[in-house]
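So you know, we letter chains A, B, ... as the sequences are listed, proteins then strands, and number each from 1.
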Amino acid sequence: MHDVLSELPITDESPIDLTKSTCPTREQRLSVAINAYYGKVSDLVKGTREKTLVQPDRCFEQSGNCLLALNAQRLISIRDSVLLFHSPIGCAAGQHSSHELFQHIPVEQGRPADLDFFHAVSTNLTESDVVFGGYDKLVAALKEADRRYSPRAIFVVTSCASGIIGDDLEGAVNEAQPHVRAKIVPCRTEGFRSRVTQTGYDAFWHGVLKYLVRKDVPKQKDLVNVTNMFSYTWMDKIEISRLLGKLGLRVNFVPEFAKVEDLENLGAAAVTAPICPTFADYLMRGLDEHFGVPYFKEPIPFGVKNTDEWLRTIATYTGKEKEVEELIKEEHANWIPKVDKIRQGLEDIRKGLVEQGLKKENERLTAIGAVGQGRVIGHAAFLEELGLKVAAACTIDYDSLIADSFDSLVKEVGDFVILVSTFQAADYANLFSRLKPDLSLQAPFKGGVIKSAKTIATIHWLRGDHHPSMTQAGYAGAVGYGNMILRCFQNNALTKLLASFDDEPYKEWWYEADPMHFVKGKDDIFKADRVKIGDPDHDEDHGHDHDHGDTADHHHVHVHATGHSHGGGHHDHGDEHGHSHGHDHGHSDGHAHSHGAHVHRLHPCEDSDPARREACIKGREAKQ
Amino acid sequence: MSATEAAKLNQLEDERIAALDPKERPLQETPRHTCALGGVMATASAVRGVVPILHSGGGCGWANFFGFIGASGGGQIGDGGAMTTPCTTLLEKHVVFGGEERLRDQIESTFQLMKGDLFVTVSGCIPALIGDDVEGIVSEFKKPEYPPIISVKSSGFNGTSYDGYEMFFDAVIDQHLEPRPVRRGLVNILGIQPCQHIFWKGDLQEIKYNLDGIGLETNRIFGGTSEIEGLENIPAAELNIVINSWQGLATAKKLEEKFGTPYIVFPGTPIGPKETAGFLRRVAERLHVKEEVVDRWIETRSKLAHDDFNLVATFLYMGFCNVHFAVVADSNIAIGLVRYFTNECGLLPATVIVTDNPPEEAREIIRDRLTNELEGLIVPDVHFENDTYLIHRILEKYSFMLLFASSMEKYASRKYMAGHHTVTFPAFDRIILRRTYAGFGGGNVLLEDLFSKFARPF
């Protein structure tokens, strides 16, 4: 079925039109761009090819993100620029750390000794501004920012408030530009513009392509653009520079760690290489179409295999095909033994669980990663390298740009569950609780999820972190990140303790409910039974699974068990069909279990089920 | 134009802009507060059992989580706080057709899913600009079959996080509180705002400890485990104590109007034995607490504090003998620090930059507390400024060896060759749980923190 479908091309790639004042939204530009989905990846890709996916409305949402907020996190670190929020003061609050970013990194580790503070300023729109318009204030702000900081560029980002009152951004920029030395780069990032927050990045890249990138800079064959390092760290910057440096290449990191001049020089590079292919999609396409800089979308340098391929791909654009093979050989000699050791460590942990009767003989450790759609490609393949099975991935949004990559990924690592949901903490809590992965890779800003996961690893080091163990990218990252995963299994006391606190924000029924419960028209949109998809205790749909010689994909994971038996009608949410909300949840009180106890407990010897307790004790005795 | 002339022009322009009201300035650099929505969200989340529901764009919660809640020395406050906060996540279609139906769905689903004793809709810029009838929608849910719910109009352009604190109380008083019989000796503390005052939890706890110590009973509203009982018990107080020269005052006045509760104002966090004793005597006098009870408490607590002070004071001579210091902080902590360092530690206050943009009528009180009844011969210059760029233009004019400010000044302090310590919002370089500099021993804790950084080795 797949093979026929994969011949269906995704034909929604429209050219980048720099005469326009801003980019189209992802919804306008692509055939599929959504932020609510639950199902198998294979079905997601199928739906993309068949153009049957729709964006549903949710009745319940939690604090997520917007075009402005996410974008600002990236733009703030462009050196010798000013980030101007045309907004009320709260939109700019996220940049209260602007005078501290990167300042603590030792000069010995590459922080420029003269690294100045980053400046985030706001037009501080007030009541009278929204009544009388903020145009004049914006013009004045552009002049004032230029006077105060003498930056090389001013990035203007717009807000919901400035968008609704209808301030003429282009007009203000055109009026102010002759009076300021800095190049003004307007970015239309009103939060309400799009559900897909990546539209914000497109809006920024549109401004960069239109106003900053220079045509008159000669091509530099040894220059490689590397995009979007935000959630990677200073150590990743060092690792990538090291690897490409050994090939005799120079790296132009944008927008994080960049100077304005680096953005101006984007058109001079030999190739644009992504860290996250969809975040930088608009830029890469624009550089290709308007400045003749080729690009590739995958792989991304996460894990050994993908790093190999990432380097090889860069080499083909820079004439380093021979050198790259030597580099890979040299690097493998150093790093592969370390990765093998991690894999062995994880295997020992798995065997320990098998000995204790907590896992079946061929049953793998399972993991769920909550990452951006682009990073799924890297994460899933890397987890596979380490011998873990990907149970599910959670992405912030999903669009057709990534569909082909997902298709290949399914062929490589097998099918898995995907939850598309923009920072929806309740969705994650539900997913982790029902799927009970051995390992959860999470971001710290997805509140409450810690309560329903068992073993937790982070997916984001903070960008200023500068210890080798905090590397994620390249070979050093495979070891740094792999070691963190191993460490997580070596002591989960923290997770257990946090989970034991009786302070979940959600009511009991949610932890076993349909993850799309609050999605309007869910039964028309999602044909499959969501509760059963991916649930190790319930999933009977083997249709999409690929053969890995792993017979225990749909295991009953006793390590999670706690004497609470699934089944018995717990998933019979008969009341959920037909209408999406507004019904009584009184039935949930009938669930005869305590969530706090049943999901998290790892120590089966404490089990109230005598059989399991005995199995555990026997396993422990055998081990001794 | 020569460089000197250009610099002079620049300086004149700085002065012109500094003289403008912040609202009239063309721009503001990181003014150490967020919007009203952020203020209400954090204040509401700090009461256990209260769940805010944002009626706003999708990023409002994130910006305030990173830049407000996360910037106040910690991470998530409360189980329902930060990124679990329900939010309508308004889109273009809502801007065009209205967000009322979306809010209705959100309230209903939140009731089904989230635990909570009191729900608060917190509206942002979008509903205010498009004219959603939030009160009308919320009133549909004020029924016995639903948990209690109130609404706050807190659009970001309509005020700061400081205002958000009072907006929250306004809504609670108008829409939720019922009169209760007055309990003798029961007091509320107002004016210390969660997150905006980075030591809020510890300050409130320490003040409660002392007031309870002289036989009163302090009602715990924030940061406790009493669910919303503390909030609902506000009308039972015999006295409201506003520990701030301006913030919380409107709330106290409203409570007086509605429930007849009198109030007193004590501007500035009491730090060290002298100020704390003064604070307690002031309250005791107002509530007719027996003098000997207060005296005994002050005596025992002061003795203990002085015992520790003896040890830490060594470093005041060795490392910081009568040095100049500068403060860039909200008025509450600025007053507390200046009075403590000047009146008990013998330090010399060079300048104080007050960053909470207090209303005109409060500035005189603040100026008075920062310059009157001080030991020594040195009186600090007092400035009111919250724009980060302009703050540095002021600091450049002074010479000082210690700088007490937000973490935004941490790296800039190298320029002034001053030791820096974070005492106010934002506080990205430290974690604050129940740490407090308030109370009899609070000054010792402050010196302990300070000298751990700067006074060793020797």
- I would like to know whether A/Phe518 and B/Asp105 meet side-chain contact (heavy atoms from CB on, under 4.5 Å); could you show each step before the answer? CA-CA 9 Å; A/Phe518 286 114; B/Asp105 279 350; over 6 Å; no
Derivation of the side-chain contact (heavy atoms from CB on, under 4.5 Å) call for B/Leu27 and A/Phe85: CA-CA 9 Å; B/Leu27 56 74; A/Phe85 292 75; over 6 Å; no
Requested in this report: Let me see the working for A/His99 and B/Glu29 under side-chain contact (heavy atoms from CB on, under 4.5 Å), right down to the final yes or no.
Outcome: CA-CA 11 Å; A/His99 284 219; B/Glu29 182 177 4; 2.7 Å; yes
Go through it in stages, so that I can follow the logic: the residues are A/Phe192 and B/His94, the test is side-chain contact (heavy atoms from CB on, under 4.5 Å), and I'd like the CA-CA distance, side-chain angles, deciding distance and then a yes or no.
CA-CA 9 Å; A/Phe192 58 75; B/His94 304 117; over 6 Å; no
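Only the backbone of B/Arg25 comes within less than 4.5 Å of a heavy atom in chain A; its side chain stays farther off. For chain B, no part of A/Asp136 is nearby; none of its heavy atoms comes within less than 4.5 Å. At a 4.5 Å heavy-atom cutoff, the contact between A/Ala161 and chain B is made by backbone and side-chain atoms alike. Contact annotation for B/Thr160: neither backbone nor side-chain heavy atoms come within less than 4.5 Å of a heavy atom of chain A. Both the backbone and the side chain of B/Glu13 come within less than 4.5 Å of a heavy atom in chain A. In this structure, the portion of A/Ser194 lying under 4.5 Å from any heavy atom of chain B is its backbone and not its side chain. Heavy atoms closer than 4.5 Å to chain A are found in the side chain of B/Cys125, but not in its backbone. No part of A/Leu68 comes within reach of chain B, as not one of its non-hydrogen atoms sits under 4.5 angstrom from that chain. Using a 4.5 Å cut-off between heavy atoms, B/Ala36 makes no contact with chain A at all. Contacts of A/Phe117 with chain B are made by side-chain atoms alone, with heavy-atom separations under 4.5 Å and no backbone atom involved. For chain A, the nearby parts of B/Asn10 are the backbone and the side chain; heavy atoms of each come within less than 4.5 Å.
Your options are B/Thr89, B/Ile107, B/Thr388, and the one with the most heavy-atom pairs under 4.5 Å with chain A is B/Thr89. Highest contact tally toward chain A, considering only B/Lys23, B/Gln28, B/Lys93, B/Glu24, is held by B/Gln28 [criterion: heavy-atom pairs under 4.5 Å]. No other option in B/Ser407, B/Pro426, B/Ser161 has as many heavy-atom pairs under 4.5 Å with chain A as B/Ser407. Note: A/Ala120 leads A/Ala145, A/Ala120, A/Ser159 in heavy-atom pairs under 4.5 Å with chain B. Most heavy-atom pairs under 4.5 Å with chain B: of the set A/Gly163, A/Gly94, A/Ala93, A/Cys160, this distinction falls to A/Ala93. Here B/Tyr411 is the residue among B/Tyr411, B/Phe428, B/Phe111 with the most heavy-atom pairs under 4.5 Å with chain A. For the set B/Lys410, B/Glu92, B/Arg393, B/Arg32, the count of heavy-atom pairs under 4.5 angstrom toward chain A peaks at B/Glu92. Each of A/Arg193, A/His119, A/His86 has some count of heavy-atom pairs under 4.5 Å with chain B, and the biggest count is that of A/His119. Per-residue heavy-atom pair counts under 4.5 Å with chain A were compared for B/Leu90, B/Ile126, B/Ile130, and the maximum is reached by B/Ile126. The candidate from A/Asn65, A/Val121, A/Val130 with the greatest count of non-hydrogen atom pairs under 4.5 Å with chain B is A/Asn65. Here A/Gly64 is the residue among A/Gly64, A/Ser128, A/Gly191 with the most heavy-atom pairs under 4.5 Å with chain B.
Using bins of under 30°, 30° to 60° and over 60° for the plane-to-plane angle, the ring pair A/His96/B/Phe425 lands in the perpendicular bin.
Distance check, rounded to the nearest 0.5 Å: CD of B/Glu409 to CD of A/Glu100 gives 9.0 Å. The CD atom of A/Glu61 sits 6.5 Å away from the CD atom of B/Gln106 when rounded to the nearest 0.5 Å. In this structure, the separation between OG1 on A/Thr422 and CH2 on B/Trp62 is 11.0 Å, given to the nearest 0.5 Å. With values rounded to the nearest 0.5 angstrom, B/Gln112 atom CD is found 10.0 Å from A/Phe60 atom CZ. From B/Thr84, atom OG1 reaches atom CD of A/Gln424 across 11.0 Å, with rounding to the nearest 0.5 Å. With rounding to the nearest 0.5 Å, the separation of NZ in A/Lys507 from NZ in B/Lys115 is 9.5 Å.
Taking both residues in full, the closest heavy atoms of B/Pro22 and A/Asn124 are given as O-ND2, 3.7 Å, listed atom of the first, atom of the second, then distance. Residues B/Ala63 and A/Cys91 share a closest heavy-atom pair of CB-O, 4.2 Å. The shortest non-hydrogen separation linking B/Gly59 to A/Ala69 is O-CB, 4.2 Å. The nearest pair of heavy atoms linking B/Thr30 to A/Gln95 is CG2-O, 3.7 Å. Closest approach of A/Ile89 to B/Pro31, counting heavy atoms only: CD1-CG, 3.4 Å. For the pair A/Ser63 and B/Leu54, the tightest heavy-atom approach, listed with the atom from each and the gap, is OG-CD1, 4.3 Å.
Considering only heavy atoms from C-beta on, B/Arg414 comes within 4.5 Å of A/Gln103 through its side chain. At least one side-chain heavy atom of A/Arg147 sits under 4.5 Å from a side-chain heavy atom of B/Asp14. A/Asp57 is not listed as a side-chain neighbour of B/Glu101, based on a closest heavy-atom distance of 4.5 Å or more.
More than 12 non-hydrogen atoms from other residues, nucleotides or ligands lie less than 6.0 angstrom from OH of B/Tyr146.
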